[in-house]
Amino acid sequence: MPEEDLVCIKFRLYDGSDMGPFRYSSASTVDTLKQRVVSDWPKGKTIVPKGANEVKLISSGKILENNKTVGQCRMPFGDNIEGVVIIHVVVQPSLAKSKTEKKIDDSPRKIVCSCSIL
C-alpha cells in the first residue's frame, strides 16, 4: 500500500488523553475507526462505550458519518503539518432504562377546577 494512502490518526478522549496514533488506509470506514476506539478503550476510565454505536467521532467540528471512508473525510481532516490528524471522541451511552432509574408516572390525570362562576 502506498504511503500516501495512509492517514495517521490520534483519538482525543473526553478527559484530554489520547489514543494512538494509528495508521489507517484511506479506504477504511469511520465505523472501522469507531470499532478500534471501543476495542482499545483505556482501562480505568469512568465513561466506557459498550459498542461503536455509542461513539461519535468529530473532526473540525463535524460529526463523521459511519459509512464514509477516511479518504472521503479528508476535507474535514484538513492539512496537518505534523502528519497526525486528531479526532475527538464523544461517548453517548444508549438510553436504555436501568433498574436504578426513577420511574416516571405519565398516566393521565383528572384535573379538578374549584373555580366559582359569578
Side-chain angles (χ1 to χ4, degrees):
M1 180 178 309
E3 188 69 25
E4 64 270 1
D5 287 340
L6 293 177
V7 178
C8 196
I9 299 175
K10 188 184 291 189
F11 299 101
R12 175 95 11 108
L13 305 181
Y14 66 92
D15 61 357
S17 63
D18 292 331
M19 290 174 52
F22 303 107
R23 291 183 161 277
Y24 291 96
S25 161
S26 58
S28 298
T29 62
V30 170
D31 188 56
T32 302
L33 303 181
K34 288 182 175 185
Q35 290 174 18
R36 174 76 180 260
V37 166
V38 172
S39 67
D40 289 359
W41 193 262
K43 304 281 187 252
K45 298 285 182 193
T46 55
I47 299 173
V48 179
K50 293 182 178 79
N53 61 330
E54 292 186 352
V55 174
K56 301 266 188 247
L57 299 180
I58 301 172
S59 178
S60 298
K62 297 184 190 223
I63 298 174
L64 305 180
E65 298 175 32
N66 287 346
N67 59 344
K68 299 286 185 181
T69 65
V70 170
Q72 290 171 322
C73 295
R74 209 173 206 130
M75 282 301 274
F77 289 165
D79 294 323
N80 193 328
I81 295 171
E82 295 176 9
V84 178
V85 175
I86 295 178
I87 296 180
H88 294 267
V89 179
V90 175
V91 179
Q92 292 182 316
S94 60
L95 298 175
K97 287 188 176 184
S98 64
K99 293 179 182 178
T100 59
E101 192 174 340
K102 183 179 177 182
K103 186 176 180 180
I104 299 172
D105 183 13
D106 57 358
S107 58
R109 299 179 190 267
K110 185 176 179 180
I111 300 175
V112 179
C113 181
S114 60
C115 304
S116 58
I117 300 176
L118 299 175

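From a predicted model like this one, the values you see are computed outputs, not experimental measurements.
- The closest side-chain heavy-atom distance from Leu6 to Tyr24 is not below 4.5 Å.
- Ile87 approaches Ser59 most closely through the heavy-atom pair CG1-CB, 4.4 Å.
- By the side-chain contact (heavy atoms from CB on, under 4.5 Å) test, Val48 pairs with Trp41, sequence neighbours left out.
- Atom-to-atom distance recorded for Ile9:CD1 and Phe22:CZ is 10.0 Å, nearest 0.5 angstrom.
- Of all non-hydrogen atoms in Pro49 and Glu54, the two that sit nearest each other are CA-OE1, 3.5 Å.
- Ile58 is not connected to Val91 by any chain of hydrophobic side-chain contacts under 4.5 Å among Ile, Leu, Val, Met, Phe, Trp and Tyr, and they are in different clusters.
- The closest side-chain heavy-atom distance from Val55 to Val38 is below 4.5 Å.
- Applying the salt bridge (charged side-chain N to carboxylate O under 4.0 Å, His left out) test to pairs two or more places apart or on separate chains, those with a residue in residues 28-39 are Arg36-Asp40.
- The line from OH of Tyr14 to OG1 of Thr46 is 3.0 Å long, rounded to the nearest 0.5 Å.
- Contacts of Thr29 classified as side-chain hydrogen bond (donor to acceptor under 3.5 Å, both in side chains), with partners at least two apart in sequence or in another chain: Thr32.
- Of all heavy-atom pairs spanning Gln72 and Asn67, the tightest one is OE1-O, 4.2 Å.
- Of all heavy-atom pairs between Ala27 and Thr69, the closest is O-CG2, 3.7 Å.
- One N or O on the side chain of Ser39 and one on the backbone of Gln35 form a donor-acceptor pair closer than 3.5 Å.
- Shortest non-hydrogen contact noted between Leu13 and Pro42 is CD1-CG, 3.7 Å.
- Pairs passing the salt bridge (charged side-chain N to carboxylate O under 4.0 Å, His left out) check and including a residue from residues 6-18, sequence neighbours excluded, read Arg12-Asp18, Asp15-Lys45.
- Closest heavy-atom contact between Ile63 and Lys56: CG2-CD, 4.1 Å.
- Clustering ILVMFWY residues whenever any of their side-chain heavy atoms sit less than 4.5 angstrom apart, transitively, puts Ile47 in the very cluster that holds Val37.
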